[in-house]
Structures are given as structure tokens and as C-alpha cells.
Amino acid sequence: MRPAPSLEMGKTRIQSGQIHERARQVLADAHLQEAYRSSTLRLYTHRLQAISELPGFERLRERAYALKREVMEHLDYYLAQFAENAERRGGHIHWAATAAEACAVVREIAEGAGAREIVKAKTMVSEEIGLNRALEAAGVRPFETDLGEFIVQLSGEGPAHIVAPAMHMTRHDVSKLFVTHIHSEPTDVPEELTAIARRVLREKFARAGLGLSGANFAVAETGTIVLVENEGNIRFSTTAPRVHVALVGIEKLIPRLADLAVFLRLLGRSGTGQKLTVYTSLLTGPRRPGEDGPEELHVVLVDNGRVATLADSKMREVLYCIRCGGCLNACPVYRKIGGHAYGWVYSGPIGALITPQLLGLESARELPFASSLCAVCRDVCPVKINIPDLLLQLRSQAQEQVRAPREKGALVSERTLMRLWAWAMKRPWAYSLGSRLARLGQRLIAREGWIRRLALYPLSGWTEGRDLPALAPKTFRERWKEMGKQ
Ligand code: SF4
């Protein structure tokens with residue numbers, strides 16, 4: 001099968017400029033282009049249909065934003081309340097400040113349970129902390145049970161999308177992958193491919209000593225973990241093994257059980273266009289007498305950079321994200337360059353914000369620039385995160401951090417250009433003279449109404465990835481004068 005852009009999971013540094021190289025690879029691959037185009041378009045269209053059928057959608061978004069703001073402003077209170085209630089119902093609470101601590105906690109629980117095999121529901125936090133590698137190093141085998149995650153685990157890649165990890169693959173790709181790794185018969189029929197994965201995974205569910213999940217929401221009022229899914233694998237992972245571990249980013253808190261209705265109505269519609277996902281599980285403590293479920297429930301509350309993000313009163317909006325994937329499906333940049341180009345676990349507009357928060361801006365300073373700032377991400381976000389504003393803030397911080405001499409030079413020349421522009425804009429005669437000179441100058445380089453290449457740095461950066469429309473033959477003022485005469 002085609003080599004997809006590689007993604008080294010668990011790596012905590014992104015080489016500056018890597019996104020350009022990865023993006024170029026994806027743009028040159030017609031197969032990948034079609035996979036991303038058709039999948040994102042389908043999800044985006046389903047979303048439009050779903051929200052058109054829900055009266056008061058805007059009010060729900062506003063309510064969700066207000067609830068998330070309330071949680072973030074009192075996160076210490078809600079975390080303590082959640083922990084107390086979860087423990088009262090028999091759960092064990094663990095706190096992990098870093099990725100390494102979170103991995104160590106899971107490893108110790110697995111060792112304590114004597115689990116050599118783990119079944120995993122899809123959890124982005126586990127990708128974020130590099131859990132699979134940490135478990136494998138300790139001799140514990142993790143098995144992804146979400147179909148998309150199962151596929152990308154076989155292919156050795158990371159998720160290409162928050163909600164649809166194998167979005168970059170077609171069914172033909174999956175068939176080849178299964179033939180290679182599972183030695184199944186080739187088939188392009190989706191139902192048969194699903195049946196193959198199901199057969200392999202059934203056996204894992206039966207054997208695993210521990211099931212691991214994330215959490216879509218954690219309800220402070222009751223100490224409940226809420227999980228949404230379409231495949232039923234999360235129910236299996238959280239109930240069949242004797243021990244269940246839930247990895248929960250501390251931003252997943254919501255205050256009350258009644259608030260869940262707000263988020264559930266937004267999540268499915270915004271992500272996949274579903275009114276509700278097929279299964280919604282509310283887990284409060286381990287099993288009680290007469291119930292199914294695990295004997296032990298452990299909740300690992302993961303910080304890993306979230307508290308530092310909370311300290312920035314503007315940037316903390318990033319933590320409102322409910323991981324619906326809607327902004328990825330809508331983003332014209334994501335649709336073209338796909339998820340792996342972003343170089344880490346989280347991709348798309350929200351990935352361009354989260355990654356610099358969790359890894360440090362110096363490790364991911366290219367990402368905030370991977371946006372056209374068209375603001376469609378803000379329009380589709382169910383919790384109304386002002387993504388373009390936050391991207392601009394990060395861009396500004398990234399520019400301040402520039403240290404390399406050439407980039408410093410670029411910054412100075414950009415500043416000089418901007419100052420010159422501002423000066424001219426305040427003086428009509430200078431603006432008019434400048435545009436006349438530019439029109440004269442462009443005669444040398446414009447062809448058929450377009451400037452395809454500017455040689456002068458840093459302007460050359462503009463035409464590296466796009467053409468520049470040539471200046472119109474007449475200015476607005478000139479045309480206005482002519483119209484007046486007519
Ligand atoms: S930022 Fe908003 S649209 Fe994007 S994944 Fe998060 S909740 Fe969904």
C-alpha cells in the first residue's frame with residue numbers, strides 16, 4: 001500500500017518546517033486527496049443536515065460555552081467534587097501531572113492486576129501520552145478495539161483525525177492491510193472487513209485482564225464517566241475485563257448530570273451528523289452486586305500541560321474542546337493536507353492550538369500558521385471556541401520567539417513593510433503613488449492577470465504556495481472619477 005506520511009507517536013518535538021514537507025507529500029498524492037476530500041465532505045454535509053433539524057442550536061452552543069467557562073474558572077472545585085464522588089462510589093482516583101506519570105500509573109495498575117494484554121477503547125489522551133509504547137516496553141500488549149484505531153495500529157501510524165482515525169484510508173487500503181497483517185482473504189466489502197476485525201477482537205476481549213478507555217465527559221456532581229461511541233467496543237472494553245482504567249484529561253469535567261444533555265445534543269451532530277451516537281454509557285463506580293462490569297474502576301486524571309494552559313485567561317478556551325472533529329471536517333487546510341501533516345496526535349484547527357499548548361510553542365511554532373483564518377472553524381464549533389483569534393495570538397507569540405538570524409531578518413523586514421503600508425494608508429497621495437508604481441512594476445512579472453512568482457524575500461514566501469492576483473489596470477479612485485463623469 002502507499003506509504004502514508006510517517007508520524008512518530010509519543011515524540012514530543014515537531015521539527016520546524018516539517019508540516020510543509022508533510023503537506024507537500026499529501027498534496028502530491030491523488031489517492032490521499034480523494035480520501036480526505038470525500039470523508040470530510042460527507043461528515044460536513046451530515047452535520048449541516050443534523051443541525052438544520054435542531055431548533056435552538058445556537059442557544060445550545062451558547063449554553064455549552066457558558067458551562068465550559070464555568071468549569072474552567074472553577075476547575076479546582078469541580079475536580080475535587082468529581083474525585084470525592086467517584087471515590088464514594090468505589091472508584092480509585094489517580095492524579096498524573098505529566099505524560100510519563102500517567103503512563104506509569106496505568107502500567108502499575110496493569111501489573112497489579114496481572115494483565116499482560118489490554119483492550120483499549122479510542123482515547124486521544126492515550127495517544128497524547130504515548131501509552132502504547134510505554135506499555136509495550138513494560139511487556140504489556142495493548143490492543144486497539146475501535147475499528148479505525150485497530151486499522152492505524154496495524155499500519156503503524158497515528159490517528160489521521162480526532163473522530164475518524166483511519167480517514168486517510170480507503171477500503172482497498174484496509175483490505176491490503178488485513179491481508180498483510182491478519183492473513184485474511186482480500187475483500188473490498190466494508191461489512192466483510194468489519195467482520196474480520198470483529199473476529200480478531202472478540203478473542204482479545206475475552207482474554208484481556210484490563211480494559212482502558214478515555215472519557216467524553218466526567219460529571220462532577222455524581223463522579224460519573226460518560227463515553228459515547230458507535231461500535232459497542234467501548235462497552236466491551238469497559239465491562240468485560242476485571243479492571244477498567246479511564247484516562248481523563250482534566251478539561252473533560254462538566255458540573256452536573258443535567259448539563260450532559262446540552263453536550264450530547266451538540267457532540268454527535270457536530271462530529272458525524274448523528275442526533276446521538278449509537279451507544280452512550282454512563283459509568284459510576286465499579287460493578288455492584290448483581291451488576292455486570294469491572295470489579296475495579298480506576299480514573300486517571302491527566303494534566304500534561306492543561307493547568308499551564310488554564311493560566312492564560314484567553315488561551316484557556318482551548319480546553320473547552322469536546323473533540324467532536326467538526327472543525328477538522330470544515331477546515332479547507334485540513335481537507336487538503338490531512339491529519340498526519342500536523343505531525344502529532346491532534347490535527348486541524350484545534351490541533352494547531354492544542355499542540356503548542358501541550359508541547360510548548362517552540363516545538364510547534366509552524367502550526368498556528370497552517371490556517372487560512374477563514375473562521376469556518378469558529379462557526380462550526382459546538383462550544384464556540386474562537387479558534388481564529390487564538391491562532392492569531394499564537395502567531396504573534398511565535399513571531400516574538402523567533403531567534404534564527406534569517407527568520408529574525410524576515411521579522412524585521414515584515415515589520416518594516418507593515419510600517420510602510422500603515423504610513424501610506426494614512427496619506428492618500430502616497431497610497432496613490434505607491435499603487436501606480438506597483439502597477440508599472442508588475443508589467444515585468446504579471447501574466448494573464450496573475451503573478452506566479454515573486455523573487456524578493458519575504459514576499460517570495462507568498463507565491464511559494466499560491467498565485468497572487470495582479471493589480472487591476474485602474475484603481476478604484478480612477479474608476480470612481482470616470483463613473484462620476486459618465
Ligand atoms: S474545537 Fe470545537 S469544532 Fe473543533 S473539535 Fe473541538 S469542539 Fe469540535
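Because the structure is a prediction, the values reported are computed rather than measured. First listed ligand is number 1; within each ligand, the first listed atom is number 1.
- The single protein non-hydrogen atom nearest to atom 8 (Fe) of ligand 1 is C324 SG, 2.3 Å, given as residue, atom name and distance.
- Of the heavy atoms in I322, both backbone and side-chain atoms come closer than 4.0 Å to ligand 1.
- Taking the six-membered ring where tryptophan is involved, the planes of H298 and H92 are essentially parallel, since the angle between them stays under 30° and well short of 60°.
- Ring centroids of Y36 and H161 are separated by 6.0 Å or more, keeping the two rings apart.
- For the residue pair S237 / K120, no side-chain donor-acceptor distance below 3.5 Å is found, with atom types taken as modelled.
- Between R306 and E128, at least one side-chain nitrogen of the basic residue sits less than 4.0 Å from a carboxylate oxygen of the acidic one, meeting the salt-bridge criterion.
- For V380, the closest heavy-atom approach to ligand 1 does not fall below 4.0 Å.
- For atom 2 (Fe) of ligand 1, the nearest protein heavy atom (residue, atom name, distance) is C381 SG, 2.4 Å.
- Residue G325 places a heavy atom less than 4.0 Å from ligand 1.
- No side-chain heavy atom of L328 sits under 4.5 Å from any side-chain heavy atom of M167.
- Near I385, meaning under 4.0 Å from any of its heavy atoms, are these atoms of ligand 1: 1 (S).
- For C327, every N, O or S atom stays at 2.8 Å or more from atom 2 (Fe) of ligand 1.
- Close approach of ligand 1 to I350 is summarised as follows: ligand atoms under 4.0 Å from at least one heavy atom of the residue are 1 (S).
- Taking 4.5 Å as the limit, every side-chain heavy atom of I254 sits out of range of all side-chain heavy atoms of L67.
- When distances to atom 8 (Fe) of ligand 1 are checked against a cut-off of 2.8 Å, C321 contributes no N, O or S atom below that limit.
- Defined by atom type and a distance below 3.5 Å, a donor-acceptor pair is missing between the side-chain atoms of N132 and E127.
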